[in-house]
Amino acid sequence: MNILSIQSWVAYGHVGNASAVFPLQRLGAEVWAVNTVQFSNHTGYGSWRGQVFGAELVRDLVEGIADRGALPRCDAVLSGYMGDAAIGEAILDAAARVKAANPRALYCCDPVIGDVGRGVFVRPGIPDFMRDRAVPAADIITPNQFELEWMTGQPVATLAEARAAVDRLRATMAPGGPRCVLVTSLKVAETPDDQIEMLATGDDGTYRIRTPMLPISVNGAGDAIAALFLFHQLRSGSAAAALAAAASSTYGLLRRTSEAASREILTVAAQEEFVTPSRVFVAERC
Ligand SMILES: Nc1ncnc2c1ncn2[C@@H]1O[C@H](COP(=O)(O)OP(=O)(O)O)[C@@H](O)[C@H]1O
Ligand SMILES: Cc1ncc(COP(=O)(O)O)c(C=O)c1O
Ligand SMILES: [Mg+2]
C-alpha cells in the first residue's frame, strides 16, 4: 500500500505528517510524505519557529514523484491542515493526478477548520475552500463535530442531527467513490459524560463507537486517526472495520499519553497500539 501524505511537519512532537507517517509505516504502508510546513513544534504552544512552504514546492515534489513513474502505484492521497488556499489547490491537483493515474486511488481529506471551544483557527478562505473545493473532490473526509456543523450549517446536538448532517455532506462528495465520512470528537445528547464518540458512514452503513473520555487535550490525535482510518478503510473496504481499528489504536495511544502526562502524543512509545491495540472497541450499527 502506497500513500501520498501532504501535511505539516514538526521537528519536536507529533502533528500532521509527524503524527500520521509513522503509524502508517508501522502498519506496513509506504508513505510518500510531502510537507507543507516545517515548524519547530505545533502551534498549540503559542510560539514556534520555522516556515510555511509555498504551493510551488508541493507541486514540484509531486512532479518529481510522477517523474519516477510512481503515481499509478499510489493507493491514496491524504491531506490535513492547509496553510492557505494555494496549498489547497496544489493538494487537489495532486489528488486529481493520482486518480487519473490510478482510478482506484482514494483521496482522504481531514478538513481542518477548527474545534469546539477554539472556533475557526485556520486562515481566512480555508473553511470555504474545505467545504466548496476539497470535500467535493474527496472520497473520505474526517471532520470533527465543529467542522461538520460549520460545513453543513446544521446543528449537531443529537445523533439524528449528526446523521442528517453527514448525509448532507455525503451528497456533495466525489461521485462514484465510497463517500465515506468519519466524524471525530462527537459529543451529542446521547453521549454519556465520561465518554466520547465517533460516527462512520460508508457503503456498508452508519456505525458509532464510544470510548472513555481521558483527562487530556492534545494536538495530533486528529491527524493520527485520519491516517489510521484511511489505512483500514483501504485494507478492509469497510467503514465499520476501519472505525473499530482506528478508534482502538487511537484510544490506546491517548491512554498511554495520558498516563505519562505527556503534552505530545506518544507516537513512538505507544507504537504497538497501532498494530495490536491493548483494548479493542467494537463499532455498532446505528
Ligand atoms: N480527551 C480524549 N479522550 C479520549 N479520546 C480522545 C480525547 N481527545 C481525542 N480523542 C480521540 O481522538 C480522536 C480525534 O481527536 P481530536 O484531536 O479531537 O480530533 P480533531 O483534531 O479532528 O478535532 C477523537 O475522535 C477521539 O476518538
Ligand atoms: C502545524 C500543525 N499541523 C497540524 C495540526 C493539527 O493538529 P490536530 O490533530 O490536533 O488537529 C496542528 C495543531 O496544532 C498544527 O499546529
Ligand atoms: Mg481534525
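Every number for a ligand or one of its atoms is a count from 1 in the order of the listing.
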Exercise for review: Under 4.0 Å, heavy atoms only, figure out whether ligand 1 is touched by the backbone of Asp115, its side chain, both or neither.
Suggested key: side chain
Check your understanding: Do Arg263's NZ or CZ and the ring of Tyr45 fall within the cation-pi criteria of under 6.0 Å and 45°?
Key -> yes
Review point. Mind checking whether Phe229 and Val218 sit in one hydrophobic cluster, side chains of I, L, V, M, F, W, Y counted as touching below 4.5 Å?
Key: yes
Practice item. Record the part of Leu254 in heavy-atom contact with ligand 1 below 4.0 Å; permitted values are side chain, backbone, both and neither. Key: side chain
**Study point:** Side-chain donor-acceptor pair present, Gln233, Ser238, cut-off under 3.5 Å
**Key:** no
**Study point:** Nearest option to atom 26 (C) of ligand 1, as decided by whichever heavy atom of Ile216, Asp223, Ile196 sits closest
**Key:** Ile196
Point to revise | N or O contact, Thr142 vs ligand 1, cut-off under 3.5 Å | key: no
**Study point:** Within reach of ligand 1, part of Ala226 (heavy-atom separation under 4.0 Å)
**Key:** neither
Review point. What atoms of ligand 1 come within less than 4.0 Å of a heavy atom belonging to Met198?
Key: 25 (O), 27 (O)
Practice item. Determine whether more than 12 heavy atoms belonging to other residues, nucleotides or ligands lie under 6.0 Å from atom CD of Gln195. Key: yes
Check your understanding: Which part of Thr43 is near ligand 2, with near meaning a heavy atom under 4.0 Å away: side chain, backbone, both or neither?
Key -> both
Practice item. Just jot down the ligand 1 atoms closer than 4.0 angstrom to any heavy atom of Asn144, in number order. Key: 20 (P), 22 (O), 23 (O)
Point to revise | Enumerated ligand 2 atoms positioned under 4.0 Å from heavy atoms of Gly222 | key: 9 (O)
Revision key, fill the gap. Note: ligand 1 atoms sitting under 4.0 Å from heavy atoms of Pro212 are 4 (C)
Revision key, fill the gap. Ligand 2 to Tyr81, heavy atom cutoff 4.0 Å, flagged ligand atoms 3 (N), 4 (C)
Practice item. With heavy atoms of Ala221 as the reference, note each atom of ligand 2 found under 4.0 Å away. Key: 9 (O)
Review point. So between Gly114, Ser19, Gly222, whose heavy atom ends up nearest atom 21 (O) of ligand 1?
Key: Gly222
Point to revise | Distance-only donor-acceptor check, side chains Gln145 and Ser185, under 3.5 Å | key: no
Review point. If you measure from SG on Cys180 to CG on Asp203, what distance do you get to the nearest 0.5 Å?
Key: 8.0 Å
**Study point:** Exercise: do Gln7 and Ser5 side chains pair donor with acceptor under 3.5 Å
**Key:** yes
Point to revise | Test item, Gly80 contacting ligand 2 (heavy atom, 4.0 angstrom) | key: no
Check your understanding: How does Thr250 reach ligand 1, by side chain, by backbone, by both or by neither, if only non-hydrogen atoms under 4.0 Å count?
Key -> side chain
Exercise for review: Go through Arg104 and Asp75 one step at a time and tell me if the salt bridge (Lys or Arg N to Asp or Glu O under 4.0 Å) criterion holds.
Suggested key: CA-CA 7 Å; Arg104 292 170 52 84; Asp75 298 294; over 6 Å; no
Point to revise | Ser217 near ligand 1 by a heavy-atom separation under 4.0 Å | key: no
Review point. Under a 4.0 Å heavy-atom limit, does Leu214 contact ligand 1 with its side chain, its backbone, both, or neither?
Key: both
Review point. Can you find an N or O of Val112 that's nearer than 3.5 Å to an N or O of ligand 2?
Key: no
Practice item. Kindly assign one of parallel, tilted or perpendicular to the pair Phe281 and Tyr251, based on the angle between their ring planes and the thresholds 30° and 60°. Key: perpendicular
**Study point:** Per atom 6 (C) of ligand 2, closest listed option by heavy atom (Asp223, Ile265, Ile225)
**Key:** Asp223
Review point. Does Phe121 CZ have over 12 foreign heavy atoms under 6.0 Å away?
Key: yes
Review point. Does a side-chain N-to-carboxylate-O contact under 4.0 Å join Arg26 and Glu272?
Key: yes
Check your understanding: Any link between Ile140 and Met198 through a network of hydrophobic side chains (Ile, Leu, Val, Met, Phe, Trp, Tyr) touching at under 4.5 Å?
Key -> yes
Review point. Is there at least one pair of N or O atoms, one from Thr184 and one from ligand 1, spaced under 3.5 Å apart?
Key: yes
Check your understanding: Ser8 heavy atoms, cut-off 4.0 Å: which ligand 2 atoms fall inside?
Key -> 1 (C), 2 (C), 3 (N), 4 (C)
Practice item. Establish, from distance only, whether the side-chain atoms of Thr152 and Arg131 form a donor-acceptor pair under 3.5 Å. Key: no
Check your understanding: Under 4.0 Å from ligand 1, counting heavy atoms only, is it the side chain of Met213, its backbone, both or neither?
Key -> both
